[in-house]
Amino acid sequence: MNLIPATVNGEVAEIGGQAIELTPSQRSALTGKEVVVGIRPEGWEIRPSGEGISATVEVVEELGSDQFLYCTANTQMIAPDETPEHQEAPHAITVRAAGMSAWQRGEKIGLVPHPGSVHLFDAETGDRLPE
């Protein structure tokens with residue numbers, strides 16, 4: 001699972017410019033302003049560069065009916081006002097794609113999480129936030 005740190009800003013957590021809405025029960029369960037967004041490799045939709053989280057394909061692993069794209073995010077994954085020790089860049093993201101796809105190393109892509117594929121965790125406690 002891709003585990004991506006994010007800062008809560010009002011009713012959303014943002015990862016690479018993508019807003020992840022938090023439910024009232026998720027917001028009330030938080031112990032701070034930081035969450036970890038978990039998205040499995042099959043939970044991403046690959047879009048053209050410029051849409052969603054900007055990423056670069058670093059490695060393409062062919063597994064027959066599937067491909068795994070090992071990508072590096074090209075955008076900052078947490079709020080710009082965070083201290084330097086909290087900023088992680090570039091962030092690695094693993095994406096599952098259909099086998100024999102034409103993805104190439106160095107290609108720029110956009111990544112958007114599928115609805116329902118996002119898992120949220122409290123960054124301080126590690127507990128999964130309720131739906």
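Here the structure is a predicted model, which is why all the values come from computation and not from measurement.
In this structure, Glu11 places its CD atom where only 12 or fewer heavy-atom neighbours from other residues, nucleotides or ligands lie under 6.0 Å away.
Under the 4.5 angstrom side-chain criterion for Ile, Leu, Val, Met, Phe, Trp and Tyr, the cluster partners of Val59 are Leu63, Phe68, Tyr70.
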Determine, step by step, whether Ile93 and Thr72 satisfy the side-chain contact (heavy atoms from CB on, under 4.5 Å) criterion, reporting the C-alpha distance in whole Å, the side-chain angles of both residues, the deciding distance to 0.1 Å, and the verdict. CA-CA 6 Å; Ile93 299 175; Thr72 303; over 6 Å; no

CA sep, side-chain torsions, deciding dist, call: Asn2, Trp44, side-chain contact (heavy atoms from CB on, under 4.5 Å): CA-CA 10 Å; Asn2 298 286; Trp44 295 101; 3.2 Å; yes

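Considering only heavy atoms from C-beta on, Ile20 stays 4.5 Å or farther from Val35 through its side chain. Contact check for Glu21 versus Val12: side-chain heavy atoms found under the 4.5 Å cut-off. At a threshold of 4.5 Å between non-hydrogen side-chain atoms, the residues Met100 and Gln67 do not count as touching. Contact annotation: the side chain of Ile39 approaches that of Ile15 to within less than 4.5 Å [non-hydrogen atoms, C-beta and beyond].
Applying the side chain to side chain donor-acceptor pair (under 3.5 Å) rule to pairs touching residues 93-116 yields Thr56-Lys108, sequence neighbours excluded. Within the structure, salt bridge (charged side-chain N to carboxylate O under 4.0 Å, His left out) contacts touching residues 119-131 (residues at least two apart or in different chains) are Arg128-Glu131. Residue pairs meeting the salt bridge (charged side-chain N to carboxylate O under 4.0 Å, His left out) criterion with at least one member in residues 42-51, sequence neighbours excluded: Glu45-Arg47, Arg47-Glu51.
Nearest heavy-atom pair, Ile46 versus Ala97, reported as atom, atom and distance to 0.1 Å: CD1-CB, 3.9 Å. Shown here for Gly43 and Ser117, the closest heavy-atom pair between the two residues is O-OG, 3.0 Å. Between His91 and Pro5, the shortest heavy-atom distance links the atoms CE1-CD, 3.6 Å. The shortest non-hydrogen separation linking Ala13 to Leu22 is N-CG, 4.3 Å.
To the nearest 0.5 angstrom, Arg27 atom CZ is 11.5 Å from Leu129 atom CG. Between the CD1 atom of Ile53 and the CD atom of Gln18 there is a distance of 5.5 Å, given to the nearest 0.5 Å. The structure places CG of Leu111 at 5.5 Å from SG of Cys71, a figure rounded to the nearest 0.5 Å.
With sequence neighbours left out, the side-chain contact (heavy atoms from CB on, under 4.5 Å) criterion links Val36 to Leu3, Phe121, Ala123. Checked against side chain to side chain donor-acceptor pair (under 3.5 Å), Ser65 has no partners two or more places apart in sequence or in another chain.
Listed for the Glu34 side chain is no donor-acceptor partner under 3.5 Å among the backbone atoms of Thr7.
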